[in-house]
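Report on one structure; see the data block that follows.
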Amino acid sequence: STTALKGNRIVSLTVSGFIAQQVMIWDDGHESNVYITDTGSVSIGSHFAFSGKAQINSEWSAGFLMKIEAMNNDSLLVTQDNDDVGNAMNLLEGGPGGPLALESAYWYLKSNRLGRVSVGLQSSAADNQAILPDASGSLVQANYVLYDVNGFITRSNGTYNTFSWGNVGNCQTINNLGGAAPDCDGVPSNVVRYDTPTFAGFSGSASWGEDDVWALSGRYAGDFRGFKFAGAAAYHRSTDETNTAGALALGAGGGFQGRANGGLDAGFFQTGVYGEHVATGLWVYGAYGYDDHSTTNSARGLGKLNPEADFWYFKAGLKRKHFALGSTTWYGEYGRKQDAFTAQMFDAGVTSSNLDHYGVGVVQNIDAAAMQVWLSWRHYQGDVDCNSGLAGATGCAGLNINDGNNDLEDFDLVKFGALINF
């Protein structure tokens with residue numbers, strides 16, 4: 001960290017962030033290519049931040065954070081036809097899709113005994129809560145959000161469908177900006193947030209803002225008889241009448257799929273747990289999310305967008321220091337997203353969907369350079385059931401799939417990359 005004692009010389013200024021880039025080799029069963037991308041929007045991709053604080057007295061302090069994303073190749077948005085896609089945060093904020101986007105800008109007051117209150121553009125109390133307990137050293141490279149395949153268009157029977165992999169792993173319970181499943185409250189928004197102090201390893205948070213969007217979360221981290229444990233659970237609810245569902249799910253044309261719902265009442269529960277045996281370096285991590293929602297209108301007139309979705313993720317591996325460079329993390333992973341299809345797919349006649357992925361990888365830390373280097377492989381597969389005969393359905397042909405069950409052609413990714421902190 002670098003502290004710049006400038007300006008009024010009372011408030012410290014720290015400049016931090018990281019740069020991340022990766023070579024991504026993909027194969028959708030009929031086409032393959034090699035891209036160079038960033039690692040994804042919202043805290044997990046290249047960014048720089050300015051933060052600082054001032055000590056008011058022995059009990060109270062005040063501070064701020066401003067964070068800017070800087071990427072022109074966001075892995076959330078790349079497709080088979082385009083790897084120069086700009087920044088998803090920029091598009092979600094109504095910009096032209098350029099490389100820079102404001103992610104966070106808020107001030108806070110903190111008491112050592114009472115906790116912290118912060119106001120402004122920031123993560124809600126639920127943002128990333130199921131992900132953050134992961135202390136394996138592979139959080140950026142392997143988590144349960146569709147950072148690396150969200151925009152790629154699915155295929156069935158050798159031809160493109162009109163929906164992406166992100167459309168089959170979609171969030172309904174979003175704030176005014178969006179979220180990539182299953183980080184369904186995953187974009188910072190204008191909120192008031194309260195964070196408790198930590199008591200015996202336990203802490204909690206609450207937030208409210210953006211026209212009736214609220215969230216609660218609780219966390220624990222501690223050691224017990226040679227084991228490390230961490231866990232979190234959160235719930236987020238939105239009753240924003242101007243909400244738009246599926247904002248980060250891309251259609252075949254590369255544009256955002258979304259629809260004003262005139263009264264979205266949506267919630268998302270998530271939890272994540274991590275455990276590690278310190279002596280051996282064996283670790284395990286698991287996460288679960290549940291998406292429940294209803295709305296006052298639907299093209300099919302059934303009072304909801306589509307069945308409530310379930311999200312599962314499991315990862316395990318070994319963390320050891322094989323080399324003097326730093327620790328090495330080996331991992332295997334499996335995830336499932338069930339019935340997480342978009343409102344547009346529901347209106348066409350989709351009744352169920354499954355998206356599974358599994359993979360392996362290794363992450364090498366280089367401590368002297370505050371750097372990580374990784375190599376990984378992931379495999380995606382899924383299926384979609386559709387019924388054009390349902391009342392109000394617009395027809396499965398509009399999605400370029402058949403009535404009945406449709407297998408999606410498998411998709412494979414190999415990634416080699418690095419990030420360096422500053």
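In what follows, every heavy atom counts, from backbone to side chain, and hydrogens, waters and symmetry copies are set aside.
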Treating [X] as the side-chain partner and [Y] as the backbone partner, does any N or O pair qualify as donor plus acceptor under 3.5 Å?
X    : Y    : value
E59  : R113 : yes
T162 : G398 : yes
R155 : G29  : no
D74  : L76  : yes
Q364 : G326 : yes
R336 : D356 : no
T329 : K319 : no
T39  : I44  : yes
N90  : N87  : no
Q55  : W60  : yes

Aromatic plane relationship, [Y] with [X] - under 30° parallel, 30 to 60° tilted, over 60° perpendicular:
X    : Y    : answer
F227 : F229 : parallel
F152 : Y35  : parallel
F411 : Y380 : perpendicular

Side chains of [X] and [Y], donor plus acceptor under 3.5 Å:
X    : Y    : value
R219 : Q129 : yes
T394 : D347 : no
S46  : D38  : yes
S352 : D385 : yes
Q22  : T37  : yes
N170 : T342 : no
D84  : N72  : yes

Would you check if [X] and [Y] make a side-chain contact, meaning some heavy-atom pair closer than 4.5 Å?
X    : Y    : result
Q270 : Y235 : no
S136 : Y274 : yes
F50  : T14  : no

Heavy atoms from other residues, nucleotides or ligands near CE of M66 exceed 12 (cutoff 6.0 Å):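 For M66, atom CE is not crowded (no more than 12 foreign heavy atoms under 6.0 Å).
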
Residue I36 excluded, over 12 heavy atoms near CD1 under 6.0 Å: no

Stacked cation flag K315 on Y331, 6.0 angstrom / 45 deg: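 The answer is yes, since K315 meets both limits relative to Y331.
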
Residue pair D127, D183: steps toward the side-chain contact (heavy atoms from CB on, under 4.5 Å) verdict: CA-CA 7 Å; D127 186 10; D183 188 18; 3.4 Å; yes

Would you please indicate yes or no on a ring centroid separation below 6.0 angstrom for [Y] and [X]?
X    : Y    : result
H47  : F18  : yes
Y220 : F202 : yes
H236 : F268 : no

Residue among N354, L399, V350 satisfying side chain to side chain contact (heavy atoms under 4.5 Å, CB included) with V384: V350

Ion pair E103/K67, N-O distance below 4.0 Å: yes

R378/D412 salt bridge by N-O under 4.0 Å criterion: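 Salt bridge absent between D412 and R378.
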
Passing candidate, salt bridge (Lys or Arg N to Asp or Glu O under 4.0 Å) with R237, options D291, D212, D185, D292: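 With R237 as partner, D291, D212, D185, D292 yield a single salt bridge (Lys or Arg N to Asp or Glu O under 4.0 Å), made by D292.
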
